[in-house]
Amino acid sequence: MTDKKNLRTPIVCVMGHVDHGKTTLLDKIRGTAIVSGEAGAITQHIGATEVPIDVIVNKLGDPRLRDRFMVPGLLFIDTPGHHAFTTLRSRGGALADLAIVVVDINEGFKPQTYESLQILKRFKTPFVVVANKIDRIGGWASHKDMPFAATFKQQSPDVQGRLETKLYEVIGELYNQGFAAERYDRVTNFQKTLGVVPASAVTGEGIPDVLMVLLGLAQKFLEANLQYSAKNPGIGTVLEVKEEKGLGATLDVILYDGTLKKGDTVVIGSLGEPIRTKVRALLKPRELSEIRYESKFKQVSKVTAAAGVKISAPGLEGALAGSPIRVSTEENLEEIVAQVKSEIDEVRIDTGSV
Ligand code: GDP
């Protein structure tokens, strides 16, 4: 078996039309992870939430699945929407390795549903469609956090029929957009057919299935992309430039390769010349149990991809959200600066066309 340590956590972005349930879904995934595990089951990152594989496997109730998946978990970007997807880049591609498109099963496709699909097609990002709000289907009997097949079995034939009708409207729309799609448990080849998971972000029904499909997609399509070594110099993408009391300008960063350490020299994209600076502190959010501390952050000496982290360093004011950040050595500083510069130009030209 491939060494699990060499695959990093895939980064997931949630997309879809306004009010179709993106935020609720992210909250549910976060909540699921918190309640299902003992302390430490979930890690809150800066700008992202990590759901470890053990939490997902527990949720699915089949420990044998543990060995089927090689990724250590899933890292969800906390900001939903396609703006986050398109502005957050890595090496010219999308920062997110995987995506979820949420569509309200009762309302069907809306402008931002179409847009999300076009964007994912353009970036060739593997994704799953969540046919959300199944609990609103007339007569639906909710079963909190239950996998889809189990809750579906317990519905009356009428309700099952209503779900299928609505689901196949969604599948028909996907077909019109050029995607062969099917209810995910009827998909035999995810290479050819898009999986659609009926779910409810409010009751949690179908959510274990969504997580499992994402793990399956990572396993099938991303193995090469997710290879990394913790020994590599850190590479990341700036989520946000934020003023923090006592720290001045800080960067919220998603690290997607290698390791970033306190004291590292980093090069960051800006409107002008790339910024060269030294990491003064790496900050992570405190756990809920640590709120007695005055600061909401705690210092760590290093982070390894994939992870969200806040960077405190001198001279970050001009940094640009969406731009790259790379660790450099003294020897390759000029080379890294040139690389960051060319990546910035690429992003700028490209975002004009979204
Ligand atoms: P977003 O704009 O896509 O982030 O949508 P939100 O997550 O803010 O959800 C919009 C509204 O739909 C809120 O009132 C949610 O409570 C509700 N909602 C989201 N998902 C579900 C669901 O699965 N079932 C039901 N009944 N309501 C939902």
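Order of listing sets the numbers, starting from 1, for every ligand and every atom in it. Worth knowing before you read on, the calculation uses all heavy atoms, side chains too, and leaves out hydrogens, waters and symmetry mates.
Residue Gly21 has at least one N or O atom closer than 3.5 Å to an N or O atom of ligand 1. The shortest N or O to N or O distance between Ala201 and ligand 1 is below 3.5 Å.
The pair Glu107-Lys133 fails the salt-bridge criterion, with no side-chain N (NZ, NE, NH1 or NH2) lying under 4.0 Å from an Asp/Glu carboxylate O. Between Asp252 and Lys242 there is a salt bridge, since a side-chain N of the basic residue sits under 4.0 Å from a carboxylate O of the acidic one. Ionic pairing of Arg30 and Asp78 is present here: one or more N-O contacts between side-chain nitrogen and carboxylate oxygen are shorter than 4.0 angstrom.
Close contacts of ligand 1 with His17, meaning ligand atoms under 4.0 Å from a residue heavy atom, involve 3 (O). Atoms of ligand 1 lying under 4.0 Å from any heavy atom of Asn132, numbered from 1 in the order shown and given with element: 20 (N), 21 (C), 23 (O).
Atom 10 (C) of ligand 1 has its closest protein heavy atom at Asp19 O, 3.5 Å. From the protein, the heavy atom lying nearest to atom 28 (C) of ligand 1 is Val202 CG2, 3.4 Å. Among all non-hydrogen protein atoms, the one lying nearest atom 4 (O) of ligand 1 is Thr23 OG1, 2.6 Å. Scanning all protein heavy atoms for the shortest distance to atom 6 (P) of ligand 1 gives Thr24 OG1, 3.5 Å. Atom 24 (N) of ligand 1 has as its closest protein heavy atom Asp135 OD1, 2.7 Å.
A 4.5 Å side-chain heavy-atom check between Pro10 and Leu74 finds at least one atom pair inside the cut-off.
The residue among Lys28, Lys133, His20 with a heavy atom at the shortest distance from atom 11 (C) of ligand 1 is Lys133.
Tyr168 has its ring centre no less than 6.0 Å from the ring centre of Tyr175. Ring centers of Phe190 and Tyr184: at least 6.0 Å apart, outside the cut-off.
By the definition of a contact as any protein heavy atom under 4.0 Å away, atom 14 (O) of ligand 1 is not in contact.
For the pair Arg91 and Tyr256, the NZ or CZ position fails the cation-pi test of under 6.0 Å to the six-membered ring centre and within 45 degrees of the ring normal.
A distance of 7.5 Å separates CG in Leu211 from CG in Leu60, rounded to the nearest 0.5 Å.
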